Amino acid sequence: MYFESLYEVFFMGGHGTYVWSAYLFTSSVILIMVWLPMARLRRSIKRLASKFKAG
Amino acid sequence: MWKFFHKLGSPPWFYSIAGAILRWLVPITLFLLIVGYAWGLLFTAPDFRQGNSYRIMYVHVPAAVVALAGYYVMALAGAICIIWNMKMAEIAMRATAPVGALLTLIALVTGGIWGKPTWGAWWVWDARTTSMLILLFLYIGVIVLYEAYEDKSGGSRAAGILALVGTVNIPIIYKSVDWWYSLHQPASITFTGGSAIESSMLYPLLLMITVFYSLFTCCVLANMRVSLIKRESRSSWVRTLVEED
């Protein structure tokens, strides 16, 4: 590992806020991007299942 | 070869193949994303000029690269949709637009965050940043235009035309740092010449670009499956699938 202490990992020589917020934003968008279609698919299948059951 | 394309147009075949691919590709991609994060954040040395802020590159560059490549995918699907009126191409075009828009958003936001300590401003009306903003509007435009039409075949045609016209913007984005005086640094990796980036920094970047391509593929396939099941809800294969579930 490049950094010597955990403090350095977070602080990153004064750039920590920028670096970590960029990674946090990216991760949030990626999670939404991956999770949303899965949730929508499950919801559609559920809705169709109840529709087919009702005849 | 033709048999493969014929199969590609078959909704049940595509739905199941995409499902099988996603079962493997999603966990592998997310695992490699974490590896890439750790590599870029913790195991590379800081840039001699930009310090640690350059680590934003490992999310900013891949997002931008794939947002641009994704636009070509969307425009190609739009072209097929206009010329052959293929249902699957329309679904692919609509599945690509939100993924591309979100990747462009990542590139713009992380670029702004990187710009603050490097240029001293969150945003500049620079050739590169402005043309990327236009890319975001083009992606959103394709989504909105399709939704605005009551008649969906007209909507997909109009969205396809917008997607095709918008391809003009892609070479402009690529070349913006060479054609105009720009604050944005020029490309560090080129296909033709040597790369202006140290290999210890290059390898994690290449990994992250691969991961983002894979993420793009996953999200487009997953969106296509949702569209397929909604569109084909009256067909027998969906009924069988839902009842088996």
Side-chain angles (χ1 to χ4, degrees), chain A, chain B residues 19 22 26 29-30 33 37-38 40-46 50-60 62-63 95 98-99 102-103 105-107 109-118 211-212 215-216 218-230 233 238-239 241-243 245:
Chain A
M1 195 161 90
Y2 174 76
F3 299 98
E4 279 173 5
S5 69
L6 202 62
Y7 171 77
E8 261 304 297
V9 170
F10 286 109
F11 187 63
M12 288 201 172
H15 288 151
T17 329
Y18 300 110
V19 174
W20 287 105
S21 59
Y23 275 75
L24 194 70
F25 178 80
T26 307
S27 311
S28 322
V29 176
I30 287 174
L31 282 182
I32 292 169
M33 234 159 57
V34 173
W35 174 80
L36 208 64
M38 288 184 188
R40 283 179 64 209
L41 187 71
R42 246 184 322 232
R43 216 179 320 137
S44 298
I45 289 178
K46 231 182 209 170
R47 215 185 31 232
L48 283 175
S50 57
K51 200 172 123 190
F52 290 149
K53 236 177 226 167
Chain B
L22 285 173
V26 171
T29 307
L30 292 180
L33 180 73
Y37 270 8
L41 280 171
L42 307 174
F43 295 96
T44 52
Q50 299 185 15
N52 284 302
S53 70
Y54 100 95
R55 294 181 199 279
I56 296 172
M57 170 183 81
Y58 296 114
V59 285
H60 172 76
V99 183
L102 286 173
L103 287 172
L105 186 72
I106 293 179
V109 172
T110 55
I113 298 172
W114 194 1
K116 186 64 185 162
T118 317
V211 166
F212 270 68
L215 260 176
F216 173 81
C218 289
C219 295
V220 169
L221 287 180
N223 282 342
M224 285 180 77
R225 289 181 94 216
V226 179
S227 294
L228 270 177
I229 212 158
K230 280 190 174 165
S233 61
V238 173
R239 203 183 177 108
L241 188 124
V242 168
E243 281 166 356
D245 194 69

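Naming: A, B, ... by sequence-line order, numbering from 1 per chain. Only a predicted model underlies this, so the values are computations on that prediction, with no experimental measurement involved.
For A/Tyr23, the parts lying near chain B are the backbone and the side chain together; criterion is any non-hydrogen pair under 4.5 Å. Using a 4.5 Å cut-off between heavy atoms, A/Arg47 touches chain B through its side chain atoms alone. A/Ser44 touches chain B through its side chain: at least one heavy atom from C-beta onward sits under 4.5 Å away, while N, CA, C and O do not. Both the backbone and the side chain of A/Ser27 come within less than 4.5 Å of a heavy atom in chain B. With a threshold of 4.5 angstrom between heavy atoms, A/Val9 approaches chain B through side-chain atoms but not through N, CA, C or O. Contacts between B/Leu102 and chain A at a heavy-atom distance below 4.5 Å involve backbone atoms as well as side-chain atoms.
In terms of heavy-atom pairs under 4.5 angstrom with chain A, the leader among B/Pro46, B/Ala63, B/Ala38 is B/Pro46. Chain A forms the most heavy-atom pairs under 4.5 Å with one residue out of B/Thr44, B/Leu42, B/Thr29, and that residue is B/Leu42. With chain A as partner, the option from B/Lys116, B/His60, B/Glu243, B/Met224 having the largest number of non-hydrogen pairs under 4.5 angstrom is B/Lys116. Ranked by heavy-atom pairs under 4.5 Å with chain A, the first of B/Trp114, B/Phe212, B/Tyr54, B/Phe43 is B/Phe43. For chain A, the option among B/Val226, B/Thr110, B/Val26 with the highest count of heavy-atom pairs below 4.5 Å is B/Val226.
Between B/Leu41 and A/Trp20 there is a side-chain heavy-atom pair separated by less than 4.5 Å. Between A/Arg40 and B/Lys230, the closest side-chain pair of non-hydrogen atoms falls below 4.5 Å. When side chains are defined from C-beta on, B/Leu22 does not count as touching A/Met38, because their heavy atoms never get closer than 4.5 Å.
Closest heavy-atom contact between A/Tyr2 and B/Ala45: CD1-CA, 4.0 Å. The shortest non-hydrogen separation linking A/Leu48 to B/Ser233 is CD2-CB, 3.6 Å. The two residues A/Pro37 and B/Asn223 make their nearest non-hydrogen contact at CB-OD1, 3.3 Å. Pairing each heavy atom of B/Val242 with each of A/Ile45, the nearest pair is CG1-O, 3.8 Å. Scanning all heavy atoms of the two residues, the minimum distance from A/His15 to B/Asn52 falls at ND1-N, 3.5 Å. When all heavy atoms of A/Val19 and B/Ser53 are compared, the pair lying nearest together is CG2-CA, 3.9 Å.
Put simply, CD1 on B/Ile56 and OG1 on A/Thr26 are 9.0 Å apart, with the number rounded to the nearest 0.5 Å. Atom CG of residue B/Leu103 and atom CD1 of residue A/Ile30 lie 8.0 Å apart, to the nearest 0.5 angstrom. Considering CZ of B/Phe216 and CE of A/Met33, their distance stands at 9.5 Å, rounded to 0.5 Å. The line from OG1 of B/Thr118 to OH of A/Tyr18 is 9.0 Å long, rounded to the nearest 0.5 Å. From B/Arg55, atom CZ reaches atom CE of A/Met12 across 5.0 Å, with rounding to the nearest 0.5 Å.
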